[in-house]
Amino acid sequence: MTETKEAQDVVLRLSGITKRFGVLVANDAISFSLARGEVVALLGENGAGKTTLMNILFGHYTADEGTVEVFGQPLPAGLPGAALAAGVGMVHQHFTLAGNMTVLENILLGTEPLWGVGRGRAAARRRVLALSRDFGLAVHPDARVATLSVGERQRVEILKALYREARILILDEPTAVLTPQESAALFDTLRRAVAQGLSVIFISHKLHEVMAVSSRVLVLRHGRLVGEVATAETDRPQLAELMVGTEITPPAPTEARPGATLLKLKTVSTPARGNRTGLRGVDLELRAGQILGLAGVSGNGQGALADLISGLETPSAGSMELAGTEISHWSPRAALAARIGRIPEDRHRTGTIADFTLTENAVLERYAEPPVARRGWIDWSAARRAAEQVIKAYDVRCPGPETRIRLLSGGNMQKLILGRVLEAQPMIILANQPVRGLDIGAVTYVQERLIAARDAGAAVLLISEDLDEVLTLSDVVRVICEGRLSPEFPRGSKTPAELGQWMAGQGVPDAA
Amino acid sequence: MTEIVDILISASFWAAVLRIASPLIFATLGELICERAGVLNLGIEGIMVFGAFAGWMAVYAGLGLWPGVLVALLAGMAFGALHALLTVPFGLSQHVVGLGITMLATSSAYYAYRLALPEVTSPPRIDPFQPLHIPVLSDLPWLGQALFSQTALTWAAFACAALVALVLYRTPLGLAVRAAGENPQAVEAQGLSVAAIRMGAVIVGSGLMAVGGAFLTMSAFSSFFFEMVNGRGWICIALVVFGAWRPGKALLGALLFAGFDALQIRLQQTPMGQLVPYQVFLMIPCVLSILALILMSRRAEVPAALMTPFNRGER
């Protein structure tokens with residue numbers, strides 16, 4: 001009797017799902033089931049296969065092996081339409097919305113027979129408004145999606161699923177793009193959904209969210225299901241260990257031994273571009289063997305400072321000195337020649353070229369000099385050796401050096417960039433948001449490498465919006481606000497709250 | 001100056017504007033449908049040539065005028081199907097495929113013409129569409145001649161613009177087509193087939209292009225000759241941009257271009273035409289169109305996924 005009841009309560013069952021991309025096994029015989037009104041967290045590092053698994057469930061990909069059952073019925077493979085009809089809704093990490101169309105149009109798309117004239121818009125709008133109200137998803141149905149904030153767009157994605165009466169809701173890294181307040185509102189929505197009998201699969205690599213939201217946690221590692229625990233019976237360290245496979249110890253930098261000043265900015269200003277803040281009379285010194293952490297709310301001139309040091313921007317006032325010599329001509333090439341290693345903020349847009357191979361991406365900054373270039377020709381076997389060296393030394397998980405880099409997860413892409421920068425033994429390292437969007441394992445790895453580079457004598461400028469990260473890594477902290485810099489605060493001299501005041505522009509310049 | 005005023009108040013000028021605009025309207029709408037779904041169709045020029053030939057040949061072979069239009073439509077759809085196959089499921093470069101289709105369709109038309117009429121020096125004539133007499137309206141003084149002395153195919157062009165606008169903005173199908181051109185992932189995630197929508201749009205759009213070409217041989221003139229399309233397809237591509245990918249504005253653009261064209265033909269016959277080489281007059285509509293394009297297209301919203309192939313299951 002209980003068994004039949006259990007069987008009825010199971011809304012989704014995945015059995016033996018295997019998916020390969022070339023030689024990479026993204027999912028290896030994964031089986032699990034989901035009960036009515038349950039929130040299951042799918043936890044794992046980047047590249048562990050979480051999104052692939054959900055894309056199979058939703059029909060974006062076809063599994064090489066295994067079956068999916070929804071409400072006891074087998075789900076045809078590879079058809080998002082079939083998944084939707086069976087009551088599966090998915091909120092993708094990269095939203096699938098048409099920006100130039102209204103919220104209502106995005107929700108209605110595909111919900112009516114294509115060859116009909118469509119039902120009345122008025123009735124549809126009323127239903128969307130009712131759903132918004134019931135689930136706490138405030139968004140205007142006639143707003144153009146392009147004008148919405150990221151949080152609002154996510155609400156549209158959830159409304160799309162609810163409008164189709166989804167009974168199973170998949171959320172792929174839903175909080176990656178949200179502010180803490182928006183995340184709280186999302187969790188509230190999820191609670192309401194569960195109260196109405198929906199089941200939720202929540203993909204994340206943020207442990208505190210997993211602990212807060214889920215009733216059960218599934219842990220994926222390297223494409224395998226390595227753990228399944230009730231949330232109430234576990235804790236963060238255990239989950240972290242399951243996820244990474246080894247115990248995690250956050251990096252603890254030793255005392256820095258700062259050396260000579262390598263880069264010096266003297267009252268440098270840069271022009272504001274569009275809605276990007278420029279620098280206003282900035283003095284900055286980067287010293288060998290020291291990590292300078294730059295905290296601040298996004299959009300306060302971090303971009304201008306990063307561009308300036310990378311050579312993409314030239315000062316409109318003030319001067320720059322590199323190891324004691326005034327810089328007269330400044331360009332990205334000059335920055336490279338001066339052995340400035342750059343970890344750019346956006347690894348997809350400026351860090352890599354998506355359709356180039358790992359080999360090509362690995363030598364992007366060194367293609368014109370030996371050993372990659374010989375008498376003006378590119379020596380591809382040397383380039384491949386360089387790439388293989390990076391892949392091996394920096395644990396880049398990939399099918400091989402001839403893979404297009406777009407196929408890599410964010411963490412592995414970042415490791416390749418890190419390797420590209422550090423293998424060139426830079427004098428100065430510009431690390432702009434080096435761990436954004438990475439999982440714990442990758443975060444710790446990147447941070448440890450930066451500390452090691454510092455100990456080897458490099459000057460590191462760490463730009464981050466994550467105050468915890470800045471406080472953990474930096475020997476010296478400065479805060480940027482509206483294009484101006486705070487004084488230098490040595491490690492441990494300011495509390496997060498005090499730095500928060502500086503970030504809000506309420507610091508007292510005279511006190512320092 | 002008075003010459004221009006004289007031209008503008010003559011009823012025959014306005015009749016000519018509507019006549020010249022008609023093929024442009026058909027083909028512009030066809031291109032617009034393709035581009036709204038995310039596919040640039042540079043096959044337009046050749047498809048118009050083939051449509052002009054196919055419609056005319058069908059009538060010459062003994063079919064009626066409307067069946068002739070249907071033949072042109074189907075021929076255009078066939079080339080559209082080839083274009084769609086190469087650009088959508090195969091994801092080939094839309095530029096290369098489009099230019100290839102233009103060359104293929106143009107030379108196929110010329111080749112078929114030579115095969116069918118090997119001995120002919122001047123192409124035979126058919127009985128084209130005649131102006132449609134509309135009770136009362138066609139009998140109005142001036143207005144009757146200026147606006148209501150058109151063939152059924154011209155009326156069909158205008159009706160087509162209204163229909164395309166209606167479908168694009170008021171039906172689930174139109175919504176799906178527009179979404180396919182904005183973000184194919186959104187279409188896929190809502191359970192629709194991006195490939196089917198895009199291929200359908202290219203096939204239907206190409207059919208309309210061919211009807212635009214057929215207008216030339218079946219309504220404007222009454223026979224087929226080489227070079228008769230003469231770049232109209234390329235003009236239509238510009239008109240789509242000019243119209244900001246909206247059927248109503250594209251219709252206005254076609255009328256504006258036709259207006260310049262009708263004006264330059266008449267200016268050639270004025271005393272000024274004796275002084276200035278005629279090539280300068282031929283340039284006028286194109287130059288003015290470029291200027292209008294610069295002014296109008298600044299704020300145009302290009303379909304975000306135009307020319308972006310979509311491959312299912314790719315990471």
Side-chain angles (χ1 to χ4, degrees), chain A residues 19 21 24 26 51-52 55-56 58-62 77-86 88-92 94-102 104-119 121 124 144-146 156-157 160-161 163-164 354 404 406-409, chain B residues 32-33 35-38 89 91 93 162-201 203-204 244-246 299-306 308-315:
Chain A
K19 175 74 181 172
F21 291 105
L24 188 85
T51 301
T52 302
N55 278 339
I56 288 168
F58 191 66
H60 285 312
Y61 299 161
T62 309
L79 296 171
L84 287 165
V88 179
M90 179 156 174
V91 176
H92 297 76
H94 303 288
F95 299 148
T96 56
L97 297 169
N100 205 10
M101 295 173 29
T102 67
L104 191 63
E105 285 178 324
N106 270 285
I107 293 171
L108 285 182
L109 175 64
T111 59
E112 299 167 319
L114 281 188
W115 300 106
V117 290
R119 291 180 291 274
R121 288 287 170 94
R144 233 164 52 95
V145 166
V156 179
E157 285 279 19
K160 270 164 68 178
Y163 187 86
R164 287 172 174 268
R404 286 182 304 156
R406 68 181 313 146
L407 297 174
L408 264 55
S409 68
Chain B
L32 186 142
I33 293 171
E35 293 193 19
R36 255 339 213 350
S93 157
L163 185 71
V164 169
L166 200 69
V167 170
L168 269 184
Y169 290 103
R170 294 293 166 89
T171 67
L173 180 68
L175 182 64
V177 169
R178 287 187 290 136
E182 284 292 328
N183 184 358
Q185 277 80 16
V187 175
E188 158 98 357
Q190 290 283 55
L192 299 174
S193 163
V194 177
I197 290 166
R198 285 188 161 177
M199 289 183 76
I203 290 170
V204 170
W245 288 270
R246 289 172 169 273
R299 288 175 53 236
E301 299 251 1
V302 190
L306 182 60
T308 314
F310 176 74
N311 299 316
R312 289 203 67 217
E314 183 168 281
R315 288 211 292 181

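Chain letters run A, B, ... following the sequence lines, proteins first, then strands; residues in each count from 1.
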How would you list, by chain and number, every residue that makes a side-chain hydrogen bond (donor to acceptor under 3.5 Å, both in side chains) with A/Glu157, sequence neighbours excluded?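 side-chain hydrogen bond (donor to acceptor under 3.5 Å, both in side chains) check on A/Glu157 returns A/Thr96, A/Lys160.
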Can you tell me how far apart CH2 (A/Trp115) and OG1 (B/Thr171) are? Round to the nearest 0.5 Å. 9.0 Å
Closest contact, heavy atoms only, [X] versus [Y]:
| X | Y | value |
| --- | --- | --- |
| A/Gly116 | B/Pro172 | O-CD, 3.4 Å |
| A/Ala98 | B/Ala186 | N-CB, 4.1 Å |
| B/Arg178 | A/Glu105 | NH2-OE2, 2.8 Å |
| B/Ala189 | A/His92 | CB-CE1, 3.6 Å |

Please classify the contact between B/Ala304 and chain A as side chain, backbone, both or neither, with a heavy-atom cut-off of under 4.5 Å. neither
Where does [X] contact chain B at under 4.5 Å (heavy atoms): side chain, backbone, both or neither?
| X | value |
| --- | --- |
| A/Met90 | neither |
| A/Ile107 | backbone |
| A/His94 | neither |

Chain A interface, residue from B/Ile197, B/Val187, B/Leu175 that has the most non-hydrogen pairs under 4.5 Å: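 Max contact count across the listed options: B/Leu175.
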If you count the non-hydrogen atoms of other residues, nucleotides and ligands that lie under 6.0 Å from CZ in B/Arg170, is the total more than 12?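 Open.
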Checking the side chain of B/Gln190 only, and the main-chain atoms of A/Leu109 only, is there a donor and an acceptor separated by less than 3.5 Å? yes
Heavy-atom pair count under 4.5 Å with chain B, highest-scoring of A/Gly99, A/Ala161, A/Gly78: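 With the most close heavy-atom pairs to chain B, the winner is A/Gly78.
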Heavy-atom pair count under 4.5 Å with chain B, highest-scoring of A/Leu97, A/Thr51, A/Asn100, A/Thr62: A/Asn100
